[in-house]
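In what follows, a structure is listed as structure tokens, so that the remarks can point back to it.
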There are 2 protein chains.
Amino acid sequence: MGGFGAQDDRVADSVQIGLTAVIVAVTDDEPRVLVVRRVDHALASTEDGVAREGDVLDDDSLEALPYGPFYPGRHRTLDAGLRGWVEEQTQLDLGYVEQLYTFGDRGRDPREQELGARVLSIGYLALAQEAKPSGAGEALWQNWYRYFPWEDWRKGKPAILTQELEPGLEEWATQADTPSEVRERFARIDATFGSEEVRWNEDRVLERYELLYEAGIVTESQRDHGLTVVMSDYSHPMVLDHRRIMATAMGRLRGKLKYRPVVFELVPPTFTLFELQKAVEAISGNLLHKQNFRRLVEKSGLVEGTGQFESRTGGRPAETYRYVRDILTERLTAGPRLPMGKR
Amino acid sequence: MGGFGAQDDRVADSVQIGLTAVIVAVTDDEPRVLVVRRVDHALASTEDGVAREGDVLDDDSLEALPYGPFYPGRHRTLDAGLRGWVEEQTQLDLGYVEQLYTFGDRGRDPREQELGARVLSIGYLALAQEAKPSGAGEALWQNWYRYFPWEDWRKGKPAILTQELEPGLEEWATQADTPSEVRERFARIDATFGSEEVRWNEDRVLERYELLYEAGIVTESQRDHGLTVVMSDYSHPMVLDHRRIMATAMGRLRGKLKYRPVVFELVPPTFTLFELQKAVEAISGNLLHKQNFRRLVEKSGLVEGTGQFESRTGGRPAETYRYVRDILTERLTAGPRLPMGKR
DNA sequence: TAATATATACTCAAGTTGAGTATAAGGAGC
DNA sequence: GCTCCTTATACTCAACTTGAGTATATATTA
């Protein structure tokens, strides 16, 4: 069944499966993603998906998410396949792992032609305590706002939005063919990037990236359409559709933060409430009201005080807490409806 | 890159991709899923994944979700592949389509051996206005509580829970090896099925199904472990892992209902507010407070009255409404925090 | 015309949220 | 020691949301 046995003259070549991981950690109050540096595939091909010693590392090389092939013979499950090569390559012990999405558009991988195979990629989100990705591999932690500077509102509305993106989007909208299409484009911009009436929704990372891609504002869309790429100076592109995969991960993580206790995967075993808050802020990209955050976390019953105090903060010492990993309480944790900082 | 070119002696056979669709509609205030009937694969193999005329349809045949292979040569995207064969086979015009999850555990498809290939399946959720799936194929609409009778709380707590499942789960819990494992099992039961302290969470459909599977309560788990299947009399099994895929879809749809205006994909173009409410109730499996539902929907600004009235309901005629498909309002719609009916 | 449905409007207490003010407890500089 | 600065923690309060009613309107049917 499934018709897999049947032959169809239109049926194409085989399929290859890649696993792509967005591995996230928070250090120094910044969200970080594990990336590898690779030569752009438009220019050259390398042998293997995971960076190794000897790979080119010059400044023109493009960044990629760590990824590797799925070997059906070796791994019983997809998750096991992912954990396998990630742990092998980076010595990282992944905690929380979640499958995101399977990306399979034709042409997403330029090697499809030479391979004679369609390359599907299954994207994963993984959370880790930051650790040096030691051993083989040129993996390194990068601030994820390097790739999405418009997503960080912790210091107010990012300048890049007002100065670069909004003008670019507006130009794209007005260039539509029909007046009704122009209106529709403006409506989409408002819905994803916010406006007077519609507030910025931090979860819509993917929709924003896709709109920028469609508007030709993001480097990848020029590259994918065969245009000469003028390296954009305000955000960093990635190999293939890896920035799209990262946007998917970011949106999913931001959403999950609101109803599942995932922050605790990103902070050390004991932490002060303010450290916890700053981890949430790092991921969600905006600031929270300190007193309300505290009230919420305490009420949730997800944490308990240790009786220990932390005094390296300058002011009154803060009590440290630990996460109470109660299966029953694995329910909704929140952040309060993340407010947009002070306007 | 990706190491796809490299040969590895441990690397196994190729991979085949199937697309499996959970197509949902609501009619007569019941949620329905499109299923096809097929002979159980443990007993016999058929030629194709989509039911056709001539397929066995006797009472012992197992039910399956409609699914078909993904032809990389024919379809530019995975979504296009899905829409392609669904529309071809069922004449159904799919509206909302969403990718759910990629299932790839070894052994999920018993044909893997004979094919010499690993069979991955990408699950999709699709919403449709019910229509007769005419033409070729033995597809038919089934009430989805046929497969998950414990998920329908609209008439109070389902008897099957108290009479069959809870005793079964309890027995499974007490049979654990160590006392701490026993405690952990009970905690998992409470967390997924609710208890005095933890209320039933209608979104956790998959977790509940998986717990039942693990506890050996559900037919599939006996079958998959090679035990003689005593056809369970209280819920209906499906081929392979199709019931798991369906559980994933149901959980996702229930969750989405709360923050995206997806109900409108399931009701006709004009509807009374009570019809809308009953569609939500059908999906979520519990009853809502009528006056509050009305208040919520009206406040949301997602609907507008048509000025027309509908009088076939017996009492005072109800105004009909239509969905205002405003891109800006494609934001959170809700149901109120679905309450558990009258206790 | 009464009884019975259903639809729609309004009320109210309890809880949640956003945004403050007030107070506590440390260190640095003098 | 005292003052100032910093951060932590406690408490307040108005606005809004939610759950659960009661009240009224407008049909059909006996």
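Every chain is numbered from 1, with letters handed out A, B, ... down the list of sequences.
Nucleotide dA7(C) holds its P atom 9 Å from the CD atom of E275(B), rounded to whole Å. Here dT26(D) presents its P atom at 20 Å from CZ of F274(B), a figure rounded to the nearest Å. Atom CG of N292(A) is separated from atom P of dA10(D) by 14 Å (rounded to the nearest Å). For the pair E310(B) CD and dA7(C) P, the interatomic distance rounds to 10 Å; values are reported in whole Å. Distance, D29(B) CG to dT6(C) C1': 14 Å, rounded to whole Å. Rounded to whole Å, atom P of dA10(D) lies 15 Å from atom CG of L296(A). Between the P atom of dC11(D) and the CD atom of E298(A) lies a distance of 11 Å, rounded to the nearest Å. In this structure, the NZ atom of K290(B) is 12 Å from the P atom of dA9(C), given to the nearest Å.
The listed nucleotides are dT18(D), dT17(C), dT26(D); the one nearest the side chain of K299(A) is dT17(C). Comparing atom distances between the R316(A) side chain and each of dA8(D), dT17(C), dA7(C) picks out dA8(D) as nearest. Each of dA25(C), dA10(D), dC13(D) was ranked by its minimum atom distance to the side chain of R295(A); first place goes to dC13(D). The side chain of H289(B) lies closest to dA20(D) when the candidates are dT17(C), dA20(D), dT18(D).
A salt bridge does not link R146(B) to E30(B): none of the charged side-chain nitrogens sits closer than 4.0 Å to a carboxylate oxygen. Using a cutoff of 4.0 Å between basic side-chain nitrogens and carboxylate oxygens, K155(B) and E281(B) are not scored as salt-bridged. With respect to K157(A) and E166(A), a salt bridge is recorded, a charged nitrogen being found less than 4.0 Å from a carboxylate O.
Across Q129(A) and L266(A), no two heavy atoms sit closer than the pair OE1-C, 3.8 Å.
Both P317(B) and G314(A) lie near DNA chain D, and the one whose nearest nucleotide falls closer to the 5' end is G314(A). Taking for each of A318(B) and G315(A) the nucleotide of DNA chain C with the nearest heavy atom, the 5'-most of the two is the partner of A318(B).
Base engagement by Q291(B) is indicated by at least one non-hydrogen atom pair under 4.0 Å involving a base atom.
R322(A) places no side-chain N or O within 3.5 Å of a backbone atom of P269(A) that could act as its donor or acceptor partner.
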